[in-house]
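To start, the structure itself, in structure tokens.
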Amino acid sequence: MIPGPFTYHRPASVEEAIGLMTSLGEESRPLAGGQSLIPMMKLRMAAPEHLIDLAGVAGLKRIDAGPDEIRIGAAVTQAQLIGSALLSERLPILSETALQIADPQVRTLGTIGGNLANGDPGNDMPAVMQCLGAIYVLAGPAGERQVAARDYYLGPYFTALEQGELLVAVRIPAPAAGHGHAYEKLKRKIGDYATAAAAVVLTATDGRIATASIALTNVAPTPIVAEEAARLVIGTSLDAATVKAASAAAKAIADPAADGRGTADYRREMAGVMVARALVKAFGRVKGA
Amino acid sequence: MSETQTLPITLTVNANKVQRFVEPRTLLVHFLREELGLTGTHIGCDTSHCGACTVEIDGQSIKSCTTFAVQANGAAINTVESLAHADGTLHALQEGFRQMHGLQCGFCTPGMLMRAKVLLTENPDPSEAEIRYGISGNLCRCTGYQNIVKAIQFAAAQLNGRTFQEAAE
Ligand SMILES: Cc1cc2nc3c(=O)[nH]c(=O)nc-3n(C[C@H](O)[C@H](O)[C@H](O)COP(=O)(O)OP(=O)(O)OC[C@H]3O[C@@H](n4cnc5c(N)ncnc54)[C@H](O)[C@@H]3O)c2cc1C
Ligand code: FES
Ligand code: FES
């Protein structure tokens, strides 16, 4: 399978990339790792006339860590996320998630920016960013604007990104030291998108959950935040009844489609199971509570 | 589009410098096989799943069916043709696949070998579980993987100066 013809551009800066996308219009698209876009172009589900390769764009490969915030450049690859000692220490949910995405070859090229910008409900990082309360930095002809991960996804492949805009970085509020985290993903095999998956980040004091955040992957047209489920676990020591109630609250907001991974009922049920597993794992990982 | 764009690319393939003009939509696997005649790299699924097209790029593994040749501009690529030593003796991995019967039809083998090569540089002494996870992007329809895992264990032992004691299944 050979993609349709296109003209290739390799800008050296964000400004140049935005300038190209603005002048070339609707038929131009950024190319990051190509691990979602090239398969779609081979199937002719996408046929952009111009590809703007971000590989040469300066400054998109940085990871900057401050005391309160970690900022990850859009072109940082999934392999880099896994290899980063800084992220393993301060944001271990990122490598835990990246290790459940695709396979080693795909992760060499696949980027965080491509995973977040894509808008495929099957992508794993968006729910993790919603769980973490991350903010996307979008650069466009009129300058930069910030959009919360929780507001970015509008429908399958439909996001807040405007034509001519690039996602340049994601800003993640640093979770408290000693927080517990988990990304639990049910998939049929390595390289498969989630049947259902859940991201959990929580903190605890004196054995009771102080803060909690939960988000779900691939059980609705967009990633979704399970607010009620998170509210139910706060203040508890995560006894079995609480886990069950949180799991039920998550199932109540899941709205999966039937597909090769299972019926809608099955996938909704699995969303509940993933939430239960992720809660228990995250709570078990809290340090110094 | 008025006329087809072609772009100059320069890359190092199996230690040789290569310069060519390519259409941007040319996939790296087609460039290697058709432009350079390096047909050791296979096309299995053509949908980014099977890993038969795996090559090494700047020390990492990628699927060459899911990469444009223009993306590899400036990079160093190694294909299965680079594995055997200059005097014709086999690389430890090739010897492992031979001794441990790590192939049957052989279609997945170039991808398995090139993935295993990078795996062993990242992790020179992997456990069985690490090997299985490390080759999880490579599918084999024949062997059941058991002897592929043993072949990689054989190579790891040899590269670490040990002898691999187990027999093939
Ligand atoms: C076999 C296989 C299995 C996979 N399994 C999973 C999985 O389990 N979970 C998962 O999450 N993903 C999976 N993926 C997808 C993979 O993670 C992709 O790498 C990722 O979704 C997209 O990243 P990319 O850098 O390759 O982006 P590309 O494919 O280059 O781009 C994807 C889309 O985002 C746009 N884009 C890219 N970067 C930007 C930017 N900075 N600003 C604005 N728009 C941008 C592009 O124009 C395009 O529309 C899989 C892929 C393969 C081939
Ligand atoms: S041919 Fe490239 S992954 Fe199958
Ligand atoms: S040996 Fe036949 S596919 Fe692996």
Side-chain angles (χ1 to χ4, degrees), chain A residues 1-10 24 27-56 75 77-80 82-83 98-111 114 187-193, chain B residues 1-9 22-31 34 43 45-75 111 114-116 118-119 122-123 130-139:
Chain A
M1 293 180 297
I2 300 172
F6 60 89
T7 304
Y8 177 81
H9 306 265
R10 197 179 162 93
L24 296 166
E27 290 308 322
S28 69
R29 254 166 110 163
L31 169 71
Q35 302 303 292
S36 289
L37 188 52
I38 297 175
M40 289 208 291
M41 289 175 66
K42 288 170 77 172
L43 294 168
R44 305 284 173 119
M45 284 159 64
E49 287 176 11
H50 297 271
L51 282 190
I52 319 293
D53 191 349
L54 303 180
T77 62
Q78 290 152 6
Q80 278 177 281
I82 294 166
L99 281 165
Q100 297 178 72
I101 293 180
D103 56 50
Q105 289 95 315
V106 172
R107 295 194 296 259
T108 298
L109 292 174
T111 66
K187 55 185 179 196
R188 294 169 300 181
K189 58 177 270 294
I190 294 263
D192 192 20
Y193 291 89
Chain B
M1 208 167 304
S2 48
E3 57 189 88
T4 311
Q5 182 192 29
T6 58
L7 293 167
I9 58 169
V22 294
E23 250 194 89
R25 63 171 167 164
T26 306
L27 295 163
L28 181 60
V29 71
H30 293 138
F31 178 76
E34 287 156 29
I43 302 175
C45 64
D46 207 5
T47 58
S48 326
H49 287 97
C50 75
C53 63
T54 300
V55 300
E56 182 183 358
I57 181 165
D58 295 334
Q60 288 183 289
S61 304
I62 58 164
K63 293 177 176 174
S64 61
C65 77
T66 314
T67 311
F68 291 121
V70 285
Q71 289 177 286
N73 189 18
M114 294 314 289
R115 174 61 203 132
V118 172
L119 173 65
E122 290 166 352
N123 182 355
E130 286 167 340
I131 292 174
R132 287 183 182 275
Y133 185 72
I135 60 169
S136 58
N138 296 72
L139 301 181

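These numbers come from a predicted model, not from an experiment. The chains referred to below are lettered A, B, ... by the order of the sequence lines, with proteins before strands, and numbering in each begins at 1.
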task = For each of B:Q71, B:H49, B:E23, tally heavy-atom pairs with chain A at distances under 4.5 Å, and name the one with the top tally.
result = B:Q71
Chain B contact via A:A102 - side chain, backbone, both or neither, heavy atoms under 4.5 Å = neither
key: Close side-chain approach of A:Y8 to B:Q5, heavy-atom, < 4.5 Å   = yes
remark   = Cut-off 4.5 Å, heavy atoms of chain A, and the answer for B:T67 is both
task = Consider only side-chain N and O atoms of B:T54 and B:R115, and report whether a donor and an acceptor are under 3.5 Å apart.
result = no
key: Between CE on residue A:M1 and NE2 on residue B:H30, distance to nearest 0.5 Å   = 9.0 Å
key: Beyond-backbone contact of A:F6 with B:R25, side-chain heavy atoms, under 4.5 angstrom   = yes
Any donor-acceptor pair under 3.5 Å from A:K42 side chain to B:T47 backbone = no
key: Interface moiety of B:I62 toward chain A, non-hydrogen atoms closer than 4.5 Å   = both
remark   = Looking only at A:D53, A:L99, A:V106, most heavy-atom pairs under 4.5 Å shared with chain B are made by A:L99
Residue A:L51 versus chain B: region with a heavy atom under 4.5 Å = side chain
